[in-house]
Amino acid sequence: MSQKTSSPAVGTVYIVGSGPGDLDLLTLRAARLIGEADAIVYDHLIADGVLELARPDAEKIYAGKESSNHSVPQGELNRLLVRLARTGKNVVRLKGGDPFVFGRGGEEIETLVDSGIPFEVVPGVTAAAGCAAYAGIPLTHREHAQAVAFATGHLKDGTINLDWPSLARPRLTVVFYMGVGGLAEICRQLIAHGLPLDHPAAVVQNGTTRRQRVLTADLATLPAKVAAAGIKSPALIIVGTVVRLQQKLAWFQPQPTATQG
Ligand code: SAH
């Protein structure tokens with residue numbers, strides 16, 4: 001960059017997690033930074049109402065991000081953040097959940113580092129934590145699971161490239177993000193690698209919001225149940241015997257008058 005005396009100071013880019021959907025789950029730090037930002041670059045999956053916390057004059061740029069429909073290619077997005085910061089703007093890069101859990105936060109920061117742009121990262125409640133809490137499925141439990149794994153269930157060419165033997169384990173809870181399209185393949189692989197057909201599994205759609213739906217079943221029956229119910233993204237798949245606790249521990253009633261699936 002040229003060193004013109006008129007060039008503005010470089011702004012800071014804040015990579016901010018906005019939580020899983022319920023606006024109340026936004027951190028105080030995220031709310032404050034959103035309220036102060038000159039520009040906000042936001043994704044598809046951010047909590048309803050979060051942009052209303054922004055200054056009316058803040059520039060708001062939609063970056064898209066649905067797995068099948070990337071509105072702005074990642075490289076372009078990385079350059080946009082650099083460009084905005086170089087005009088002296090403080091930028092909030094707003095993401096669903098936590099920026100470092102399947103959020104590409106790392107990739108965006110690499111470009112900022114390479115370009116000498118100051119940045120900060122603000123963690124958010126990741127979908128696994130939010131959905132588990134609002135569905136009544138503890139991710140760990142002394143009688144059920146001593147470890148949790150977060151995995152991507154994103155299908156590529158009809159397959160999911162994961163270390164299946166390490167995921168098909170007893171006393172482990174596995175949470176699949178982006179797994180609705182690949183659900184049948186996920187269940188098939190877990191069974192093929194040793195989990196029983198009746199191993200408990202659940203799907204949580206639109207977790208933490210008023211549109212939340214929870215379906216519980218087992219590896220053999222979950223895909224058909226999810227297809228019949230018309231469950232779509234965003235949804236999280238939780239696999240493990242902790243799912244058995246859901247019936248007893250569910251507390252969140254998003255639609256009190258409707259029957260739960
Ligand atoms: N960084 C995010 C994840 C982005 S990947 C986080 O930490 O949560 C997007 C995937 O997250 C979706 O495909 C879905 O699997 C999951 N997800 C995000 N919000 C969700 C919600 N409210 N309910 C269920 N799943 C959700």
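Keep in mind that what you see is a predicted model, and the values were worked out from it rather than measured. Every number for a ligand or one of its atoms is a count from 1 in the order of the listing.
We find that R188 and E185 are joined by a salt bridge, their nearest charged nitrogen and carboxylate oxygen being less than 4.0 Å apart. Under 4.0 Å is where a charged nitrogen must lie from a carboxylate oxygen, and between E120 and R93 no such pair does. Classification of R55 and D38 as a salt-bridged pair holds, one side-chain N sitting under 4.0 Å from a carboxylate O.
Just one residue in the list K232, R213, R211 forms a side chain to side chain donor-acceptor pair (under 3.5 Å) with Q205, and that residue is R213.
When side chains are defined from C-beta on, I186 counts as touching I160, because their heavy atoms get closer than 4.5 Å.
Residues T221 and D218 have side chains that bring a donor and an acceptor to within less than 3.5 angstrom of each other.
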Could you give the N/O to N/O pairs under 3.5 Å linking ligand 1 and the protein, each with its distance?
| from | atom 1 | to | atom 2 | distance (Å) |
| --- | --- | --- | --- | --- |
| ligand 1 | 1 (N) | G96 | O | 3.0 |
| ligand 1 | 1 (N) | D98 | O | 2.8 |
| ligand 1 | 1 (N) | V101 | O | 2.7 |
| ligand 1 | 7 (O) | D98 | N | 2.8 |
| ligand 1 | 7 (O) | D98 | O | 3.4 |
| ligand 1 | 7 (O) | T126 | OG1 | 2.6 |
| ligand 1 | 8 (O) | T126 | OG1 | 3.4 |
| ligand 1 | 8 (O) | A127 | N | 2.8 |
| ligand 1 | 13 (O) | M178 | N | 3.4 |
| ligand 1 | 15 (O) | M178 | N | 2.8 |
| ligand 1 | 15 (O) | A235 | O | 2.7 |
| ligand 1 | 22 (N) | P20 | O | 2.8 |
| ligand 1 | 22 (N) | G207 | N | 3.3 |
| ligand 1 | 22 (N) | G207 | O | 3.1 |
| ligand 1 | 23 (N) | G207 | N | 2.8 |

